Number of protein chains: 4
Amino acid sequence: MSPRSSEQNEKIREERIQQIIDAAIAVYLEKGVRGTEMGDIAKRANMARGLVYYYFKDKMDLFRFVFTRLIEEAKTYISSTLLSDEEVISKLRTYARFYLRSSQLKPHMVQFYRNIPADIPFVFGDKGEAVLKEYVDNATGPLHRVLEQGIREGKLKPLDPRLISAVYWGGLMGGMNAMSSGQVPEEQAERMMDDVIDILLDGIVNKKG
Amino acid sequence: MSPRSSEQNEKIREERIQQIIDAAIAVYLEKGVRGTEMGDIAKRANMARGLVYYYFKDKMDLFRFVFTRLIEEAKTYISSTLLSDEEVISKLRTYARFYLRSSQLKPHMVQFYRNIPADIPFVFGDKGEAVLKEYVDNATGPLHRVLEQGIREGKLKPLDPRLISAVYWGGLMGGMNAMSSGQVPEEQAERMMDDVIDILLDGIVNKKG
Amino acid sequence: MSPRSSEQNEKIREERIQQIIDAAIAVYLEKGVRGTEMGDIAKRANMARGLVYYYFKDKMDLFRFVFTRLIEEAKTYISSTLLSDEEVISKLRTYARFYLRSSQLKPHMVQFYRNIPADIPFVFGDKGEAVLKEYVDNATGPLHRVLEQGIREGKLKPLDPRLISAVYWGGLMGGMNAMSSGQVPEEQAERMMDDVIDILLDGIVNKKG
Amino acid sequence: MSPRSSEQNEKIREERIQQIIDAAIAVYLEKGVRGTEMGDIAKRANMARGLVYYYFKDKMDLFRFVFTRLIEEAKTYISSTLLSDEEVISKLRTYARFYLRSSQLKPHMVQFYRNIPADIPFVFGDKGEAVLKEYVDNATGPLHRVLEQGIREGKLKPLDPRLISAVYWGGLMGGMNAMSSGQVPEEQAERMMDDVIDILLDGIVNKKG
DNA sequence: CATGAATGAGAGTTCATTCAT
DNA sequence: AATGAATGAACTCTCATTCAT
């Protein structure tokens, strides 16, 4: 009956929050933000409705937290990927491979990438535009700069980099979808990723070089 | 003083239904199915809430109608595009050009293509799976078959057609996004479409031919 | 194109009103006052919703009219039955026989007799109490007086006439239910009525006479 | 500060449910199923509308629960009454006395007996017919069998037992009405019940025995 | 920290009634 | 006299959020 020490409390706190987030993500992926009910989250996290509110002011607060985490995660990945000083084509290859691999390992991220542009404005309200812009800058910005560099160096087709970026990212998303289906046997994964990357790069490299 | 003729009534009905559908699509694109309120639809269609229920049993009935129309529309487009007996590469070119052009003309279709796989199960309930399957078969099936033909003929890379399909469609969606942004001046549209198609095809054609 | 004559109009008027009433009664018997929708009445009467309102100010107005008619009808029956100057037992016999027979011929009247005490207050609002009282006086009053006479004459049990009335009427209603079931073959009807009447009278006649 | 124990919660739940049921019955008796509004129930039960939905899925669910309880109650009464091994006339006497007494003590049951055949199909939907049949079997079945026995033994008139049953039950209902009016002084109650029973039995016993 | 009963604003739906034709 | 499209008040039901314990 002795009160819990603050370390214990802190530990419980973190565990609970993680449980809530995991549950929120799970429900969110199935039903979207509006379709996610606080009761569902609590149930899936194995706790009472009230406790969710103990840790998060309200539904949007919870989702802001979840989205911020996911965005942060994505940001970390990307920067760790494209900031190296490899050669352009190599970079693009690494970049694509990274997303493809993580789609296989964390299939929910694919869905997240697909929905985030539509959900951020709703979840973040006024600040939505800013958050979205920052996210996009972080997610697409580096890719953008690499593409621009590649175009300048004559290694990529001399087209509008925004257009190349859009098609490249779209194709990559298509590949990610395929990789995330959960039906890719490990021994084929490498091959599939290579194939996707081949398609993507063959589409944009400048053959007249 | 005499009552309206049935032609007049029929005309009114059609107009009203069209107004409701237009309003529903507009709100849907902004807020999704769950976020769309019947009141908003009525307001945007300039009528009382009750009138929406006069024409549609309930919200899901309305959305089923809207989705069915959109699916039908998409189906028509596709079949009119890929069933011709051109040569494979030509077909793929026509196919892509068609989607790109219609993305520019009907920007909402892009969003629809993106959301439909997630919304169909919700809107159609039990029958969702069947409807979705039928839609996908109609939407991707023809593309699939053309790709298989191309692979057989050695004109496309000898890869898993499902993978090619996924990346091709993803890239095309990326291009459609770009085309639908509403910021493409008409004089650049042709050029943009050609560029997108170039990227898409260069990615998948078999250069060792 | 010549306007209808007023006689024609009057004829149409009466026909329409009758159609509405018939439809209203039919729906009412199935769903009760609150469960009856004006649209159902119109549909069953084969006319547009609006026309019902042309003839009746509103739903309650229609029902007041319907109820008044039914009450009137019942009143007429009763008075024609009990006002004769037969001997008491004879009168009660005739009275019962009359209701039993009409239950067989117009099964809906049974249901009406059962529901009317509960529905009158709702349909007639403030005046409900008065209407109900008047109805009861008309329906039960004569029976009441006959019973009182019978008691005075020593032909019926010397009990509270209200009690006898209640039980007699209840038993008669039970018999009416049986007669109205629609499964009574004509050749058995007479016999059944006699049996019911025997039970009713044996219950209340004074055997010590 | 510690959360309520599950016993406390269970107690709260039971109390709340009982309050809701009591309120529902009260409103139901005044307005019928269709006329009963969930808001009225909540108000009469002194709680927010939402709480009613916390305990019952929807209006019909609540009414199914209420009806099931009332039916159960009625069933218990009846079986406890007629299953004894008294002599036939005695049984019928006990049976009638039981209903008359309980009509006086729980006046609402009379109204319930009167309305239940009409309301069950509405409340139970598809299953209405089955529920109604089961209810009638339980309510009338035992009486029926006693009557058949009495007829066989020559103690009751040699008539169709269904007919006797109908008239007997009707007459009893009439007596119950009288008893439930709330205006029966306790000192007269016994006398009234005896009178009713006399009428009922004199109607059906076989005097030629 | 934890529970789940309780609340009420607001969305979905129905239906009596009106109105232009 | 007749039609059926149109309206909106009122009801049913959901769910984010609060609160007593």
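Just so it is clear, the model here is predicted, and its values are computed rather than measured. Residue numbering restarts at 1 for every chain, and letters A, B, ... go by the order of the sequence lines.
Nucleotide dT18(F) holds its P atom 12 Å from the CG atom of D61(A), rounded to whole Å. For the pair Q19(C) CD and dA2(F) C1', the interatomic distance rounds to 13 Å; values are reported in whole Å. The NZ atom of K57(D) sits 12 Å away from the C1' atom of dT14(F) (whole-angstrom rounding). In this structure, CZ of F56(C) is placed 15 Å from P of dT18(E), rounded to the nearest angstrom. If you take CE of M60(B) and P of dT14(F), they are 13 Å apart, rounded to a whole angstrom. Computed from coordinates, the K11(D) NZ to dT21(F) C1' distance equals 14 Å when rounded to whole Å. Between the CG atom of N9(B) and the P atom of dA20(E) there is a distance of 15 Å, given to the nearest Å. Taking atom CD on E7(B) and atom P on dT21(E), their separation rounds to 17 Å, with Å as the unit.
Within the structure, salt bridge (charged side-chain N to carboxylate O under 4.0 Å, His left out) pairs that include any residue of residues 16-42 of chain C comprise E30(C)-R44(C) (at least two apart or interchain). For residues 61-73 of chain D, the pairs satisfying side-chain hydrogen bond (donor to acceptor under 3.5 Å, both in side chains) are Q18(D)-R69(D), E73(D)-Y77(D), E73(D)-K106(D), with sequence neighbours left out.
With a 3.5 Å limit on both pairing distances and Watson-Crick or G-U wobble geometry required, the stems of 3 or more pairs in DNA chain F span E:2-21 with F:2-21.
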- Task: Take nucleotides 6-11 of chain E nucleotide by nucleotide from the 5' end and write B, S or -, depending on whether a protein heavy atom sits under 4.0 Å from the base, only from the sugar-phosphate, or from neither.
- Result: BBB-BS
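At least one side-chain heavy atom of F56(D) sits less than 4.5 Å from a side-chain heavy atom of I17(D).
In this model, the phosphate group of dC13(F) is approached by a side-chain N or O of Y53(D) to a distance below 4.0 Å at OP1 or OP2.
When each of D58(D) and E10(B) is assigned the nucleotide of DNA chain F with its nearest heavy atom, E10(B) is the one assigned upstream, toward the 5' end.
Every residue was checked against the salt bridge (Lys or Arg N to Asp or Glu O under 4.0 Å) condition with E129(B), not counting sequence neighbours, and none meets it. Listed by chain and residue number, nothing satisfies the ring-ring contact (aromatic ring centres under 6.0 Å, His included) test with F124(C) (two or more places apart in sequence, or in another chain). Among residues two or more places apart in sequence or in another chain, the side chain to side chain contact (heavy atoms under 4.5 Å, CB included) test is passed with F63(D) by Y28(D), V33(D), T36(D), K59(D), F67(D), V123(D). With sequence neighbours excluded, the residues that form a side chain to side chain contact (heavy atoms under 4.5 Å, CB included) with E10(A) are R13(A), E14(A). With sequence neighbours excluded, the residues that form a side chain to side chain contact (heavy atoms under 4.5 Å, CB included) with S5(D) are E7(D), Q8(D). Under the ring-ring contact (aromatic ring centres under 6.0 Å, His included) criterion, Y53(B) pairs with no residue, sequence neighbours left out. R49(D) is linked by a side chain to side chain contact (heavy atoms under 4.5 Å, CB included) to A42(D), counting only residues two or more places apart in sequence or in another chain.
Near DNA chain F, meaning a heavy atom under 4.0 Å away, there are no residues from residues 20-34 of chain D.
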- Task: Carefully, step by step, assess I116(B) and L70(B) under the rule side chain to side chain contact (heavy atoms under 4.5 Å, CB included).
- Result: CA-CA 10 Å; I116(B) 206 168; L70(B) 290 172; 5.6 Å; no
